Amino acid sequence: MKIVILDGYTANPGDLSWKELEEMGSVTVYDRTKPDETVARAKDADIVLTNKVIIGQQEMEQLPKLRYIGLLSTGYNAVDIEAAHERGITVANVPAYSTEGVAQMVFAHLLTVTNRVEHYANENRRGRWSHNTDFCYWDMPLPELAGKTFGVVGLGSIGMRVAQIALAFGMKVKALTSKSQSQLMGDDSKHYIVKADLQELLSTSDIVSLHCPLTDDTHHFINTDTIRLMKPSAILINTGRGPLVDDQAVADALHNGRLAAFCADVLTKEPPGDDNPLLKEPNAFITPHIAWASTEARTRLIHIATDNVRAFLSGKPQNVV
(Lines give C-alpha, C1' and ligand atoms only; values in the text may rest on other atoms or scores of the structure.)
Protein backbone atom coordinates (compact mmCIF):
# COMPACT_ATOMS: atom_id res chain seq x y z
CA MET A 1 0.00 0.00 0.00
CA LYS A 2 1.59 3.27 -1.14
CA ILE A 3 0.65 6.37 0.85
CA VAL A 4 1.73 9.87 -0.20
CA ILE A 5 1.42 13.01 1.92
CA LEU A 6 1.63 16.01 -0.40
CA ASP A 7 2.01 18.86 2.11
CA GLY A 8 2.86 17.49 5.52
CA TYR A 9 4.94 20.37 6.85
CA THR A 10 2.24 22.56 8.40
CA ALA A 11 0.63 19.66 10.28
CA ASN A 12 3.98 18.17 11.24
CA PRO A 13 7.06 20.37 10.80
CA GLY A 14 9.10 17.72 12.63
CA ASP A 15 7.81 17.78 16.18
CA LEU A 16 5.25 14.98 15.67
CA SER A 17 5.31 11.53 14.09
CA TRP A 18 3.77 9.71 11.12
CA LYS A 19 4.65 6.36 12.74
CA GLU A 20 1.06 5.06 13.03
CA LEU A 21 0.48 5.76 9.36
CA GLU A 22 3.77 4.07 8.40
CA GLU A 23 2.49 0.85 9.98
CA MET A 24 -0.16 0.66 7.25
CA GLY A 25 2.01 1.01 4.18
CA SER A 26 4.93 2.68 2.45
CA VAL A 27 4.69 6.38 3.33
CA THR A 28 6.32 9.21 1.41
CA VAL A 29 6.05 12.66 2.98
CA TYR A 30 6.57 15.87 1.03
CA ASP A 31 6.75 19.08 3.02
CA ARG A 32 5.20 21.06 0.16
CA THR A 33 4.01 20.26 -3.34
CA LYS A 34 3.62 22.73 -6.21
CA PRO A 35 0.63 22.29 -8.54
CA ASP A 36 2.79 20.99 -11.38
CA GLU A 37 4.33 18.38 -9.07
CA THR A 38 1.09 16.82 -7.78
CA VAL A 39 0.53 14.15 -10.42
CA ALA A 40 4.16 13.02 -10.56
CA ARG A 41 4.35 12.63 -6.80
CA ALA A 42 0.98 10.87 -6.43
CA LYS A 43 1.02 8.77 -9.62
CA ASP A 44 1.67 5.42 -7.91
CA ALA A 45 -0.25 6.15 -4.71
CA ASP A 46 -3.28 4.21 -3.51
CA ILE A 47 -3.82 6.78 -0.77
CA VAL A 48 -3.06 10.50 -0.85
CA LEU A 49 -3.22 12.91 2.08
CA THR A 50 -3.49 16.63 1.43
CA ASN A 51 -4.19 19.85 3.26
CA LYS A 52 -4.04 22.66 0.69
CA VAL A 53 -2.70 20.89 -2.40
CA ILE A 54 -5.50 20.80 -4.97
CA ILE A 55 -6.68 17.43 -6.24
CA GLY A 56 -9.23 18.20 -8.90
CA GLN A 57 -10.75 16.31 -11.80
CA GLN A 58 -7.68 16.88 -13.98
CA GLU A 59 -5.36 15.38 -11.37
CA MET A 60 -7.65 12.42 -10.69
CA GLU A 61 -7.79 11.55 -14.39
CA GLN A 62 -4.02 11.04 -14.27
CA LEU A 63 -4.05 9.00 -11.05
CA PRO A 64 -5.69 5.66 -11.96
CA LYS A 65 -4.45 3.87 -8.80
CA LEU A 66 -5.90 6.44 -6.42
CA ARG A 67 -8.54 4.95 -4.12
CA TYR A 68 -8.62 7.32 -1.15
CA ILE A 69 -7.97 11.01 -0.46
CA GLY A 70 -7.50 11.95 3.18
CA LEU A 71 -7.75 15.61 4.12
CA LEU A 72 -5.46 16.96 6.80
CA SER A 73 -8.12 19.55 7.54
CA THR A 74 -11.80 20.01 8.26
CA GLY A 75 -12.46 21.93 5.07
CA TYR A 76 -12.49 19.96 1.82
CA ASN A 77 -12.42 22.63 -0.88
CA ALA A 78 -8.97 21.33 -1.98
CA VAL A 79 -10.68 18.26 -3.48
CA ASP A 80 -13.23 18.02 -6.28
CA ILE A 81 -15.70 15.89 -4.33
CA GLU A 82 -18.02 15.27 -7.26
CA ALA A 83 -15.16 14.06 -9.47
CA ALA A 84 -13.95 11.79 -6.65
CA HIS A 85 -17.40 10.25 -6.22
CA GLU A 86 -17.68 9.63 -9.95
CA ARG A 87 -14.42 7.67 -9.83
CA GLY A 88 -15.25 5.76 -6.69
CA ILE A 89 -12.54 7.54 -4.70
CA THR A 90 -13.33 7.87 -1.00
CA VAL A 91 -12.66 11.30 0.53
CA ALA A 92 -12.51 11.84 4.31
CA ASN A 93 -11.84 14.93 6.40
CA VAL A 94 -10.92 15.59 10.04
CA PRO A 95 -13.81 17.31 11.85
CA ALA A 96 -13.69 19.22 15.13
CA TYR A 97 -10.02 18.64 15.94
CA SER A 98 -9.25 22.35 16.50
CA THR A 99 -12.29 23.52 18.46
CA GLU A 100 -10.43 24.43 21.65
CA GLY A 101 -7.53 26.11 19.88
CA VAL A 102 -9.74 28.26 17.65
CA ALA A 103 -11.96 29.27 20.55
CA GLN A 104 -8.86 30.20 22.54
CA MET A 105 -7.59 32.33 19.65
CA VAL A 106 -10.89 34.23 19.51
CA PHE A 107 -10.39 35.41 23.07
CA ALA A 108 -6.66 35.97 22.63
CA HIS A 109 -7.60 38.44 19.91
CA LEU A 110 -10.40 39.97 21.91
CA LEU A 111 -8.21 40.52 24.97
CA THR A 112 -5.49 41.97 22.75
CA VAL A 113 -7.94 44.70 21.77
CA THR A 114 -9.44 45.32 25.21
CA ASN A 115 -6.39 44.95 27.45
CA ARG A 116 -3.40 45.68 25.15
CA VAL A 117 -1.03 43.55 27.18
CA GLU A 118 1.63 43.49 24.46
CA HIS A 119 1.48 47.28 24.11
CA TYR A 120 2.15 47.85 27.80
CA ALA A 121 4.81 45.13 27.95
CA ASN A 122 6.67 46.82 25.09
CA GLU A 123 6.31 50.26 26.69
CA ASN A 124 7.75 48.95 29.95
CA ARG A 125 10.69 47.31 28.17
CA ARG A 126 11.49 50.83 26.96
CA GLY A 127 11.41 52.09 30.56
CA ARG A 128 8.13 53.95 30.56
CA TRP A 129 6.85 52.54 33.85
CA SER A 130 10.23 52.89 35.52
CA HIS A 131 10.16 56.64 34.83
CA ASN A 132 6.45 57.18 35.45
CA THR A 133 5.35 59.80 38.00
CA ASP A 134 2.47 57.72 39.33
CA PHE A 135 2.34 54.06 40.41
CA CYS A 136 0.39 53.19 37.23
CA TYR A 137 -0.47 54.60 33.83
CA TRP A 138 -2.74 53.83 30.89
CA ASP A 139 -3.04 55.59 27.58
CA MET A 140 -6.15 53.96 26.11
CA PRO A 141 -9.52 52.74 27.42
CA LEU A 142 -9.62 49.48 29.39
CA PRO A 143 -13.16 48.11 28.87
CA GLU A 144 -14.54 45.17 30.81
CA LEU A 145 -16.11 42.32 28.88
CA ALA A 146 -18.73 41.51 31.53
CA GLY A 147 -22.07 42.91 30.49
CA LYS A 148 -21.12 43.38 26.84
CA THR A 149 -23.10 41.67 24.06
CA PHE A 150 -21.23 39.01 22.11
CA GLY A 151 -22.69 38.02 18.74
CA VAL A 152 -21.84 34.61 17.28
CA VAL A 153 -22.51 33.90 13.62
CA GLY A 154 -22.86 30.12 13.32
CA LEU A 155 -23.17 27.64 16.19
CA GLY A 156 -21.24 24.61 15.09
CA SER A 157 -18.77 23.03 17.49
CA ILE A 158 -16.44 26.05 17.46
CA GLY A 159 -19.18 28.67 17.58
CA MET A 160 -20.83 26.90 20.50
CA ARG A 161 -17.54 26.68 22.42
CA VAL A 162 -16.91 30.38 21.81
CA ALA A 163 -20.41 31.18 23.07
CA GLN A 164 -19.81 29.15 26.24
CA ILE A 165 -16.59 31.04 26.97
CA ALA A 166 -18.28 34.39 26.32
CA LEU A 167 -20.97 33.44 28.84
CA ALA A 168 -18.25 32.56 31.35
CA PHE A 169 -16.87 36.09 30.92
CA GLY A 170 -20.27 37.42 31.96
CA MET A 171 -21.29 38.55 28.48
CA LYS A 172 -24.73 38.38 26.93
CA VAL A 173 -24.59 36.07 23.93
CA LYS A 174 -26.69 36.32 20.79
CA ALA A 175 -26.41 33.93 17.86
CA LEU A 176 -27.37 33.82 14.22
CA THR A 177 -28.12 30.13 13.90
CA SER A 178 -30.53 27.57 12.49
CA LYS A 179 -30.90 26.06 15.97
CA SER A 180 -34.14 26.75 17.85
CA GLN A 181 -34.25 28.88 20.98
CA SER A 182 -35.05 25.81 23.07
CA GLN A 183 -31.77 24.23 21.92
CA LEU A 184 -29.87 27.27 23.18
CA MET A 185 -31.09 27.20 26.76
CA GLY A 186 -28.49 26.12 29.30
CA ASP A 187 -28.98 24.38 32.64
CA ASP A 188 -28.72 27.74 34.37
CA SER A 189 -31.65 29.93 33.28
CA LYS A 190 -29.44 33.03 33.66
CA HIS A 191 -26.83 31.72 31.24
CA TYR A 192 -28.10 30.96 27.79
CA ILE A 193 -27.75 32.04 24.18
CA VAL A 194 -30.40 34.23 22.58
CA LYS A 195 -31.35 33.49 18.98
CA ALA A 196 -31.28 36.66 16.86
CA ASP A 197 -31.75 37.63 13.23
CA LEU A 198 -28.98 39.30 11.24
CA GLN A 199 -30.03 42.89 11.83
CA GLU A 200 -30.54 42.45 15.58
CA LEU A 201 -27.26 40.60 16.04
CA LEU A 202 -25.14 43.10 14.13
CA SER A 203 -26.82 46.24 15.48
CA THR A 204 -26.75 45.25 19.16
CA SER A 205 -23.46 43.32 19.51
CA ASP A 206 -20.31 44.86 20.95
CA ILE A 207 -18.31 41.94 19.57
CA VAL A 208 -19.18 39.88 16.48
CA SER A 209 -17.37 36.57 15.90
CA LEU A 210 -17.72 34.63 12.63
CA HIS A 211 -18.00 30.83 12.71
CA CYS A 212 -20.26 30.00 9.77
CA PRO A 213 -19.28 27.88 6.76
CA LEU A 214 -18.12 29.60 3.58
CA THR A 215 -20.84 29.23 0.94
CA ASP A 216 -22.15 31.32 -1.93
CA ASP A 217 -24.57 32.90 0.56
CA THR A 218 -21.91 33.74 3.17
CA HIS A 219 -19.18 34.95 0.79
CA HIS A 220 -18.45 38.57 1.86
CA PHE A 221 -21.02 38.19 4.62
CA ILE A 222 -19.32 41.21 6.15
CA ASN A 223 -19.40 43.99 3.59
CA THR A 224 -20.11 47.71 3.35
CA ASP A 225 -23.85 47.19 3.90
CA THR A 226 -23.59 44.84 6.89
CA ILE A 227 -20.92 47.02 8.50
CA ARG A 228 -23.41 49.90 8.41
CA LEU A 229 -25.63 47.85 10.73
CA MET A 230 -22.86 47.49 13.31
CA LYS A 231 -21.92 49.82 16.14
CA PRO A 232 -18.88 52.02 15.34
CA SER A 233 -17.49 50.77 18.66
CA ALA A 234 -17.85 47.10 17.66
CA ILE A 235 -15.02 44.58 17.45
CA LEU A 236 -15.21 42.12 14.54
CA ILE A 237 -13.44 38.74 14.80
CA ASN A 238 -12.92 36.25 11.97
CA THR A 239 -11.34 32.89 12.72
CA GLY A 240 -13.58 31.07 10.24
CA ARG A 241 -12.84 31.56 6.54
CA GLY A 242 -11.14 34.57 5.00
CA PRO A 243 -13.70 35.29 2.25
CA LEU A 244 -16.48 35.69 4.81
CA VAL A 245 -15.13 39.24 4.96
CA ASP A 246 -14.65 41.86 2.26
CA ASP A 247 -11.12 42.97 3.16
CA GLN A 248 -11.40 46.38 1.51
CA ALA A 249 -14.76 47.16 3.12
CA VAL A 250 -13.41 46.33 6.58
CA ALA A 251 -10.20 48.31 6.00
CA ASP A 252 -12.27 51.33 4.89
CA ALA A 253 -14.51 50.99 7.96
CA LEU A 254 -11.50 50.90 10.28
CA HIS A 255 -9.89 53.86 8.53
CA ASN A 256 -13.08 55.93 8.71
CA GLY A 257 -13.96 55.06 12.32
CA ARG A 258 -16.97 52.92 11.38
CA LEU A 259 -15.50 49.89 13.16
CA ALA A 260 -13.34 49.90 16.29
CA ALA A 261 -11.19 46.85 15.58
CA PHE A 262 -10.88 43.84 13.31
CA CYS A 263 -9.25 40.64 14.53
CA ALA A 264 -8.53 37.85 12.06
CA ASP A 265 -6.63 34.59 11.86
CA VAL A 266 -7.68 34.10 8.23
CA LEU A 267 -7.61 36.29 5.13
CA THR A 268 -9.07 35.97 1.65
CA LYS A 269 -5.64 35.26 0.14
CA GLU A 270 -3.05 33.38 2.20
CA PRO A 271 -0.30 34.40 2.44
CA PRO A 272 -1.68 37.91 1.80
CA GLY A 273 -0.21 40.24 -0.76
CA ASP A 274 1.73 43.27 0.41
CA ASP A 275 -1.12 45.36 -0.94
CA ASN A 276 -3.77 43.89 1.38
CA PRO A 277 -5.31 47.04 2.90
CA LEU A 278 -5.86 45.41 6.30
CA LEU A 279 -2.14 45.03 6.93
CA LYS A 280 -1.74 48.81 7.09
CA GLU A 281 -4.57 49.50 9.52
CA PRO A 282 -3.39 49.99 13.14
CA ASN A 283 -6.65 48.57 14.52
CA ALA A 284 -6.51 45.42 12.42
CA PHE A 285 -4.95 42.58 14.38
CA ILE A 286 -3.94 39.76 12.04
CA THR A 287 -2.40 36.40 12.96
CA PRO A 288 -1.10 34.00 10.26
CA HIS A 289 -3.79 31.27 10.29
CA ILE A 290 -2.44 29.59 13.43
CA ALA A 291 -5.55 29.04 15.58
CA TRP A 292 -5.64 25.39 14.46
CA ALA A 293 -1.92 24.79 15.01
CA SER A 294 -1.46 24.04 18.70
CA THR A 295 0.58 20.92 19.40
CA GLU A 296 -2.49 19.30 20.89
CA ALA A 297 -4.69 20.10 17.88
CA ARG A 298 -2.10 18.92 15.35
CA THR A 299 -1.64 15.71 17.32
CA ARG A 300 -5.40 15.13 17.17
CA LEU A 301 -5.38 15.97 13.46
CA ILE A 302 -2.75 13.38 12.61
CA HIS A 303 -4.34 10.79 14.88
CA ILE A 304 -7.81 11.21 13.34
CA ALA A 305 -6.41 11.32 9.79
CA THR A 306 -4.59 8.06 10.52
CA ASP A 307 -7.74 6.51 12.00
CA ASN A 308 -9.57 7.56 8.84
CA VAL A 309 -7.07 5.63 6.71
CA ARG A 310 -7.31 2.61 9.02
CA ALA A 311 -11.11 2.67 8.82
CA PHE A 312 -10.99 2.87 5.03
CA LEU A 313 -8.62 -0.09 4.78
CA SER A 314 -10.90 -2.11 7.04
CA GLY A 315 -13.82 -1.48 4.71
CA LYS A 316 -15.65 0.84 7.12
CA PRO A 317 -14.67 4.39 6.06
CA GLN A 318 -15.43 7.22 8.48
CA ASN A 319 -15.69 11.00 8.23
CA VAL A 320 -16.53 10.63 4.56
CA VAL A 321 -17.39 13.80 2.62
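Because the structure is predicted, anything quoted here is derived from the model rather than measured.
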Hey, are [X] and [Y] close enough for a salt bridge, meaning a charged N less than 4.0 Å from a carboxylate O?
X      : Y      : answer
Asp307 : Arg300 : no
Glu270 : Lys52  : no
Lys34  : Glu37  : no
Lys231 : Asp206 : yes
Asp252 : Arg258 : no

Margin query: Ring-plane angle category for Phe169 and Phe107, please: parallel below 30°, perpendicular beyond 60°, tilted otherwise.
Written below: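 Parallel, since the angle between the ring planes stays under 30°.
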| task | Say whether, by atom type as modelled, one donor and one acceptor occur between the side chain of Asn283 and the main chain of Leu254 under 3.5 angstrom. | result |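 Not at all, since once roles are kept as given, no pair shorter than 3.5 Å links the two residues.
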Problem set entry | Distance under 6.0 Å and angle within 45° of ring axis: Arg32 vs Tyr9 |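 Because its charged atom sits under 6.0 Å from the ring centre and within 45° of the axis, Arg32 does stack over Tyr9.
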Testing the 3.5 Å rule here: is there a donor-acceptor pair between the side chains of [X] and [Y]?
X      : Y      : value
Tyr137 : Asn124 : yes
Asp265 : Asn238 : no
Asn115 : Tyr120 : no
Glu100 : Gln104 : no
Arg41  : Thr33  : yes
Thr287 : His289 : no

[X] versus [Y]: any side-chain heavy-atom pair under 4.5 Å?
X      : Y      : answer
Lys172 : Thr204 : no
Val102 : Tyr97  : no
Asn308 : Tyr68  : yes
Leu21  : Ile3   : yes

### Query
Do you know which two heavy atoms are closest between Pro143 and Lys148, and how far apart they sit?
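So the two residues come closest at CB-NZ, 4.4 Å.
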Query raised in the report: Between Pro282 and Phe285, what is the shortest heavy-atom contact and its length?
Result: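 That closest heavy-atom pairing would be O-CZ, 4.0 Å.
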> Out of curiosity, Leu145 CG to Leu111 CG, how far, rounded to the nearest 0.5 Å?
Replying inline: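 That separation rounds to 6.0 Å.
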